[in-house]
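Worksheet: the structure to be examined is printed underneath.
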Amino acid sequence: MPETVLNETTATVSPRLRLSELAPGVYQSEIRAMTTECDRIGGVNLAQGVCDTPVPAPVRDGAIAAIQAGHNIYTRMDGIERLRRAISVKQKKDYALDYDAETEVLVACGATAGLHAAAMALLNPGDEVILFEPFYGYHFSTLVSMRVKPVIVALAEPGWTVDIDTLRAAITPRTRAILVNTPANPSGKIFSRGELETVAQACRDRDLFLLTDEIYEYFVYDGAKHICPATFDGMRERTIVMSGFSKTFSITGWRLGYVTADARWMAAMAYFHDLTYVCAPSAFQHGAAAGLEQLPASFYTRLAADHQSRRDRMVAALRDAGMEPTVPAGAYYVLAKAARLPGRTAAEKARALLAATGVASVAGSAFFRPGRGEDLLRFCFAKKDDDLDDACARLRKL
Ligand code: PLP
């Protein structure tokens with residue numbers, strides 16, 4: 001992974017030996033840059049959203065057993081039947097949504113690959129997709145990489161609320177979809193039922209797809225319940241639900257997620273997923289299926305409770321460090337104010353914090369349009385308890 005920003009000088013050798021039009025604008029993500037720097041100085045990495053909490057036993061053992069049982073070859077392009085069925089059962093149990101395991105479930109190489117497949121299948125170059133800001137960088141960059149234009153709608157502070165007039169004003173004849181990430185990275189916002197109804201209404205009125213990234217569906221705090229907008233009237237047929245196992249089962253490196261959507265869209269999504277990945281990792285699919293089949297409801301409530309406790313510790317430490325955190329309602333990130341740190345930009349402030357405390361965070365600017373988010377840092381609290389406590393103690397010394 002290159003560490004420098006690619007520019008025209010590095011990108012062009014001769015008029016024909018050169019990178020694509022898109023590639024010169026590619027840069028290494030701030031998150032990876034901070035991770036590299038953190039590893040170099042041996043700090044505590046709260047930059048990357050890798051939850052390094054233990055993998056649940058049925059998931060781990062299910063994958064190991066699958067390798068030993070010889071499940072090591074390509075699977076059907078949309079995933080093994082066992083996992084497609086388990087996902088279908090899960091969507092029914094959690095949200096009373098019916099998805100046919102044969103035609104309406106795609107096992108993908110992460111929610112990331114799910115969005116890629118959905119965008120390839122549904123969007124054309126020049127189309128516009130609405131993203132709420134602060135946004136998850138991969139959403140923005142994935143769309144750009146397909147020559148789709150992300151149109152940014154700022155969530156209003158405090159509380160990162162949806163302003164209906166701003167949303168409606170952003171919809172143009174080129175708009176094809178709205179993308180909602182709830183619970184959200186990096187803000188921890190959970191879209192309220194009212195906000196989701198508003199978004200859904202805009203989708204119905206203007207005949208748009210709704211792309212939902214629900215990867216943090218089980219990371220909801222203070223008794224909140226996750227709402228899947230595909231459950232709203234007239235929304236199932238136009239909602240592409242993307243989620244995955246990276247976060248819930250702490251298997252970010254296994255690359256396993258899924259999409260559930262109406263059969264009309266699914267075959268094309270599976271086709272594009274096949275072109276890039278062929279299939280999701282075979283043995284890991286069995287592990288995830290075992291997790292869905294065997295883990296009791298208490299696993300998910302415990303997951304939320306454990307992360308709520310981590311959230312509370314993180315928020316308290318940031319307050320003690322004078323960094324004014326916004327308390328997240330879900331997901332596992334906290335945005336905090338960086339005003340007291342030296343530096344002109346959030347990236348400089350993040351490096352100053354790393355140098356002073358050994359705690360790596362991500363510059364808030366990574367989640368906003370240029371010029372915004374420069375007063376914010378994002379901290380990930382999905383860490384082993386010892387590491388989190390170490391990070392909190394270091395922050396308090398600031
Ligand atoms: N979506 C959001 C909002 C995320 O924050 C992340 C990881 O940080 C992902 C998707 C990645 O999901 P996956 O590992 O399933 O590709």
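In this text, all values refer to a predicted model and were calculated from it rather than measured experimentally. Counting starts at 1 for both ligands and their atoms, following the listed order.
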Exercise: do Tyr300 and Asp94 side chains pair donor with acceptor under 3.5 Å: no
Tyr333 contact mode with ligand 1 (heavy-atom cut-off under 4.0 Å): side chain
Asn72 side chain vs Ile67 backbone, donor-acceptor pair below 3.5 Å: yes
Under-4.0 Å heavy-atom contact with ligand 1, by part of Asn185 that carries it: side chain
Ring center gap for Phe132 and Phe191 short of 6.0 angstrom: yes
Residues that Gln68 engages under side-chain contact (heavy atoms from CB on, under 4.5 Å), provided they are two or more places apart: Ile64
Structural part of Ser246 in contact with ligand 1, heavy atom criterion under 4.0 angstrom: side chain
Name the atoms and distances for all side-chain donor-acceptor pairs under 3.5 Å in residues 287-294, with sequence neighbours left out.
| residue | atom | partner | partner atom | Å |
| --- | --- | --- | --- | --- |
| Glu293 | OE1 | Arg82 | NE | 3.2 |
| Glu293 | OE1 | Arg82 | NH2 | 2.7 |
| Glu293 | OE2 | Arg82 | NE | 2.9 |

4.0 Å heavy-atom contact, Lys247 with ligand 1: yes
Contact check, Gly257 vs ligand 1, heavy-atom distance below 4.0 Å: no
Sub-4.0 Å heavy-atom approach of Thr252 to ligand 1: no
Note: Arg84-Glu81 ion pair, threshold 4.0 Å (strictly below): no
Ionic contact status for Glu217 with Lys225, cut-off 4.0 Å: no
Per-atom contacts, ligand 1 versus Gly110 - under 4.0 Å to a heavy atom: 13 (P), 15 (O), 16 (O)
Atoms in ligand 1 with a heavy atom of Asp213 nearer than 4.0 Å: 1 (N), 2 (C), 3 (C), 10 (C)
Cationic N near anionic O, under 4.0 Å, Asp222 to Arg311: yes
Any Arg255 heavy atom less than 4.0 Å to ligand 1: yes
N or O contact, Asn181 vs ligand 1, cut-off under 3.5 Å: no
Side chain, backbone, both or neither: the part of Tyr216 lying under 4.0 Å from ligand 1 by heavy atom: side chain
